[in-house]
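Quick notes on the structure that follows.
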Amino acid sequence: MTIHRRTVLAAAALAAFAALGASPSAFAAKPLVIGFSQVGAESEWRTANTVSIKDAAKQAGVTLKFADAQQKQENQVKAIRSFIAQKVDVIAFSPVVESGWDTVLREAKAAKIPVVLTDRAVNVSDTSLYVTFIGSDFVEEGRRAGKWLLERAAKTPDANLNIVELQGTVGSAPAIDRKKGFEEVIAANPRLKVIRSQTGDFTRAKGKEVMEAFLKAEGKKINVLYAHNDDMAIGAIQAIEEAGLKPGTDIVVISIDGVKGAFEAMIAGKLNVTVECSPLLGPQLMQIARDVVAGKPVPKRITTVEGVFPAEVAAKEFPNRKY
Ligand code: GZL
């Protein structure tokens, strides 16, 4: 297009805006507004997930209304109701537990506000209450933890291995599914037995406290710790050391997330393997929100691609870690 033609067109557009009594900027696409309800700040994983979402919103020019629920479902319900009242374009959240969402999601549907799940799933009677779920396959993460232990146990064919398990938040999708996947796989070897299993609520403090109780009750009978996240494993490692035992040697330690703290523990010889669970969901969330508002079809389920990192590769992999 010639400069002359461009100038004429621009002048015509300005004249049209003036006639409508509006400035051109009034017609610039207004930024997308996303209301996001986050579980809390309970772990290194969660902190990295929050950073990913906030950074991606900034990069995408999205207006993000962010609410931290401090791991309480009632705070998430309140935040979702507030986003509805504010008429945001999209509601996104990581549900702290699987159940109890039908009512508030029906309110969002009635307000014609699309809902995107990130990180954790919900159990609802009507799956049209959310557009899509972006997150990991937690059952597969549990299976990967179990497979690593099966392969290790095969090297000591006669030994019985007593396992203690630190579960995540009661009722949460990762806790339910990681337990399910792990048990499904270790059932192949009857010498692998979970002798104690209790929630550590995904935090270091609670993981340490529950591991202290396990050690008091079972002592040297414990051969393996399976923790549903790295933060509980790191707390438990402190308890194992304070009990005069060597984590990673006297007690094999298996966990999930793949946060930097886990790599540091593996390099120190205190953690044996971490199964990756990526918190870096921000960019995908922004793209999905944009597609949903634009009326583009989006898949009902978007599963993140993840790996398994045994201690042997920790030092080499550590510089590549993004969270
Ligand atoms: C998993 C996420 C879990 C992490 C924990 O996607 O929901 O919650 O494994 C976090 O570290 O607290």
Side-chain angles (χ1 to χ4, degrees), residues 36-53 68-73 75-76 92-99 101 116-123 130 132-146 165-182 199-208 210 225-237 253-265 271 273-285 301-309 321-323:
F36 188 87
S37 168
Q38 179 59 294
V39 164
E42 73 283 0
S43 63
E44 240 185 282
W45 189 98
R46 187 65 54 198
T47 305
N49 180 243
T50 292
V51 168
S52 173
I53 287 161
D68 175 332
Q70 287 148 1
Q71 286 191 282
K72 291 186 176 60
Q73 180 171 29
N75 290 344
Q76 290 201 288
F93 74 116
S94 168
V96 61
V97 292
E98 281 190 342
S99 54
W101 302 102
V116 173
L117 301 179
T118 69
D119 166 28
R120 296 183 184 179
V122 295
N123 247 336
Y130 62 90
T132 184
F133 164 37
I134 312 169
S136 307
D137 178 342
F138 301 132
V139 178
E140 182 53 29
E141 291 172 349
R143 290 194 192 104
R144 288 175 182 170
E165 179 180 30
L166 285 171
Q167 294 182 38
T169 301
V170 175
S172 70
I176 293 165
D177 290 352
R178 286 171 182 169
K179 181 171 180 47
K180 185 173 158 207
F182 183 76
T199 183
D201 210 16
F202 283 132
T203 69
R204 291 189 183 199
K206 199 86 176 113
K208 181 179 182 197
V210 174
L225 163 65
Y226 169 49
H228 289 186
N229 84 326
D230 294 334
D231 284 71
M232 293 190 293
I234 290 166
I237 284 168
V253 183
I254 303 167
S255 74
I256 298 178
D257 276 352
V259 297
K260 283 184 178 148
F263 280 80
E264 287 158 348
L271 178 71
V273 60
T274 183
V275 174
E276 188 180 32
C277 173
S278 175
L280 307 178
L281 305 175
Q284 269 180 306
L285 171 58
R301 178 75 172 93
I302 301 167
T303 306
T304 31
V305 178
E306 295 155 346
V308 179
F309 296 94
R321 301 307 298 168
K322 297 192 183 74
Y323 64 92

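Owing to the predicted nature of the structure, the values given are computational and were not obtained by experimental measurement. Start at 1 and go down the list; that is how both ligands and their atoms are numbered.
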Is there any N or O on [X] that sits under 3.5 Å from an N or O of ligand 1?
X      : value
Asp119 : yes
His228 : no
Arg120 : yes

- Message: Determine whether a donor-acceptor pair (N or O, by modelled atom type, separation under 3.5 Å) exists between the side chain of Asp257 and the backbone of Trp45.
- Response: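 Checked: no pair found.
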- Expected output: side-chain Thr304 to main-chain Ser136 donor-acceptor under 3.5 Å: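 It does hold such a pair.
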Go through ligand 1 atom by atom and flag the ones less than 4.0 Å from a non-hydrogen atom of [X].
X      : result
Ser43  : 5 (C), 10 (C), 11 (O), 12 (O)
Phe138 : 1 (C), 6 (O)
Asp257 : 4 (C), 5 (C), 9 (O), 11 (O)
Cys277 : 1 (C), 6 (O)

- Touching ligand 1 at all, Arg178? Heavy atoms, strictly under 4.0 Å? yes
- Task: Look at ligand 1 and say whether Pro174 reaches it with a heavy atom at a distance under 4.0 Å.
- Result: yes
- Message: Does Arg321 form a salt bridge (charged side-chain N to carboxylate O under 4.0 Å, His left out) with Glu276? I'd like the steps, not just the answer.
- Response: CA-CA 11 Å; Arg321 301 307 298 168; Glu276 188 180 32; 3.2 Å; yes
- Query: Given side chains that start at C-beta, do those of Val39 and Arg120 come closer than 4.5 Å, heavy atoms only?
  - Reply: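 Contact flag for Val39/Arg120 side chains = yes.
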- From the list Thr50, Thr118, Asn75, Asp119, side chain to side chain donor-acceptor pair (under 3.5 Å) with Gln38 holds only for Thr50
- Query: What's the shortest distance from atom 12 (O) of ligand 1 to any protein heavy atom, and which residue and atom give it?
  - Reply: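 Here the closest protein heavy atom is Glu42 OE2, 2.5 Å.
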- Task: Start with the C-alpha distance between Arg204 and Glu44, add both sets of side-chain angles, then the distance that settles salt bridge (charged side-chain N to carboxylate O under 4.0 Å, His left out), and finish with yes or no.
- Result: CA-CA 10 Å; Arg204 291 189 183 199; Glu44 240 185 282; 2.8 Å; yes
- Item | Arg143 vs Glu140, salt bridge (charged side-chain N to carboxylate O under 4.0 Å, His left out): CA-CA, chis, key distance, verdict | CA-CA 5 Å; Arg143 290 194 192 104; Glu140 182 53 29; 2.9 Å; yes
